[in-house]
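Values in this document were obtained by computation on a predicted structure and should not be read as measured data. Chain letters run A, B, ... following the sequence lines, proteins first, then strands; residues in each count from 1.
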Amino acid sequence: MTRAEFPSRWHPADFAGDPVLTARRLLGSTLVRTLPGGVRLAGRIVEAEAYDCPRDPACTAGRFHAARSAEMAIPPGHWLFWTAHGHPLLQVACREAGVSASVLIRALEPLEGREVMLDHRPVIRERDLTNGPAKLVAALGLHPAQVSRTPVDSAGLHLERAPALPDADVVTTARIGLREGRNLPWRFHVRGSPWVSPATPSMDLLTLPD
DNA sequence: ACGACGATTCACT
DNA sequence: GTGAATCGTCGTG
């Protein structure tokens, strides 16, 4: 029963460390949603960001994370949803329970279940299907109440591990949509992928302090 | 109870 | 590129 499955899955214990390293390492892995009937919706992770309180200005300066006790209580390796502008965003809790650290999955390259995803989220241009954090949640038909707080190797939503991408295939940039913490290079995406979020081009050229 | 504020998206110009 | 919609969360009264 405990023999390794192939392809191997990410397990909760894999998220006990630094969310920045984890976000980088997650690129290339596959996010799989298995519908009740057994149909698989899957996408390759091509963009991810890290959040890491309290050293993260995006959290501390703001009173934001501090009071979201429900999110902070989530143990590492479990799914959670941050909401912004009314949209639920899929993340994985990192470090340890009680600490607000996480990886935000920002974009996918659709691999399986394209028809169903298009049904969930009708779009004109195919590339708009999953090229944003709230878009991929909609395309996969994820509902926070059902998924939040479940482990990353759950039957309904799990992660299939891929070999780490070489540095040459990864672009590191500042995070998107923040006021504070813009100087931190905590966003990663697959170089040249047409499936990353539209905000990418300008961010690529951003100069980061050392 | 009320108002301000986004870890976004969409429709425009 | 600019601006509006949107709604749950959080701070204040």
Side-chain angles (χ1 to χ4, degrees), chain A residues 15 18-24 26-27 31 43 45-74 76 78-95 98-108 110 117-149 152 171-189 194-206 208:
Chain A
F15 294 84
D18 184 344
V20 179
L21 299 179
T22 307
R24 160 70 175 78
L26 224 35
L27 292 186
L31 176 64
I45 297 173
V46 295
E47 180 180 346
E49 275 180 3
Y51 289 84
D52 193 24
C53 303
R55 67 168 171 148
D56 188 349
C59 308
T60 46
R63 39 299 173 192
F64 302 120
H65 267 238
R68 298 203 181 192
S69 51
E71 306 300 318
M72 292 178 63
I74 296 180
H78 288 61
W79 299 113
L80 71 90
F81 288 84
W82 178 270
T83 62
H85 296 85
H87 300 100
L89 313 179
L90 180 66
Q91 309 192 340
V92 183
C94 294
R95 294 197 185 282
V99 172
S100 189
S102 61
V103 171
L104 165 65
I105 298 176
R106 288 194 55 91
L108 300 176
M117 288 194 276
L118 279 169
D119 188 47
H120 286 155
R121 179 181 151 73
V123 290
I124 307 294
R125 299 190 316 158
E126 187 103 7
R127 67 165 38 178
D128 292 329
L129 186 55
T130 52
N131 65 347
K135 297 177 185 177
L136 67 91
V137 167
L140 294 177
L142 262 25
H143 298 286
Q146 186 177 34
V147 180
S148 187
R149 295 167 175 281
V152 290
V171 180
T172 304
T173 75
R175 292 169 295 179
I176 293 178
L178 300 175
R179 295 183 64 79
E180 307 286 338
R182 287 179 190 265
N183 57 323
L184 296 171
W186 288 358
R187 169 173 171 267
F188 306 91
H189 72 267
W195 301 101
V196 301
S197 64
T200 301
S202 57
M203 306 300 290
D204 285 354
L205 303 175
L206 201 68
L208 298 162

For A/Phe188, enumerate each residue passing the ring pair (Phe, Tyr, Trp, His ring centres under 6.0 Å) test, keeping only those at least two apart in sequence or located in another chain. none
Please pick, from B/dT8, B/dC10, C/dG8, the nucleotide with the shortest atom-to-atom distance to any side-chain atom of A/Leu89. B/dT8
A/Asp119: salt bridge (charged side-chain N to carboxylate O under 4.0 Å, His left out) partners, not counting sequence neighbours: none
Do the side-chain N or O atoms of A/Arg179 get closer than 4.0 angstrom to the phosphate oxygens (OP1, OP2) of B/dC5? no
Under 4.0 Å between a side-chain N or O of A/Arg175 and OP1 or OP2 of B/dG6? no
For DNA chain B, list all stems, counting runs of three or more consecutive pairs where every pair is Watson-Crick or G-U wobble with both distances under 3.5 Å. B:1-6 with C:7-12, B:8-12 with C:1-5
Nearest whole Å is fine: how far is [N] [atom2] from [X] [atom1]?
{"X": "A/Ile124", "N": "B/dA11", "atom1": "CD1", "atom2": "C1'", "result": "13 Å"}
{"X": "A/Leu104", "N": "B/dG6", "atom1": "CG", "atom2": "P", "result": "17 Å"}
{"X": "A/Arg106", "N": "B/dT8", "atom1": "CZ", "atom2": "P", "result": "5 Å"}
{"X": "A/Leu90", "N": "B/dT8", "atom1": "CG", "atom2": "P", "result": "14 Å"}
{"X": "A/Asp128", "N": "B/dC10", "atom1": "CG", "atom2": "C1'", "result": "10 Å"}
{"X": "A/Tyr51", "N": "B/dG6", "atom1": "OH", "atom2": "P", "result": "13 Å"}
{"X": "A/Arg125", "N": "B/dC10", "atom1": "CZ", "atom2": "C1'", "result": "12 Å"}

Salt bridge check: are A/Arg55 and A/Asp18 linked by an N-O gap of less than 4.0 Å? yes
Nucleic acid contacts - residues 130-143 of chain A versus DNA chain B, non-hydrogen atoms under 4.0 Å: A/Gly132, A/Pro133, A/Ala134, A/Lys135
Distance, nearest 0.5 Å, that separates CG of A/Leu178 from CG of A/Asp56: 8.0 Å
Just verifying a value: how many Å separate A/Trp79 CH2 and A/Gln146 CD, rounded to the nearest 0.5 Å? 13.5 Å
Protein-nucleotides 2-7 of chain C N/O pairs under 3.5 Å:
unit_1	atom_1	unit_2	atom_2	d
C/dC7	O2	A/Gly86	N	3.4

Restricting to pairs with a member in residues 128-140 of chain A, which pass salt bridge (Lys or Arg N to Asp or Glu O under 4.0 Å), not counting sequence neighbours? A/Arg125-A/Asp128
Set of residues satisfying side chain to side chain contact (heavy atoms under 4.5 Å, CB included) with respect to [X], sequence neighbours excluded:
{"X": "A/His120", "value": "A/Leu41, A/Val116"}
{"X": "A/Ala138", "value": "A/Arg121"}
{"X": "A/Leu118", "value": "A/Arg114, A/Val123, A/Glu126, A/Leu129"}
{"X": "A/Ala107", "value": "A/Val46, A/Glu47"}

Do the side chain of A/Glu49 and the main chain of A/Ile176 share a donor and acceptor less than 3.5 angstrom apart? yes
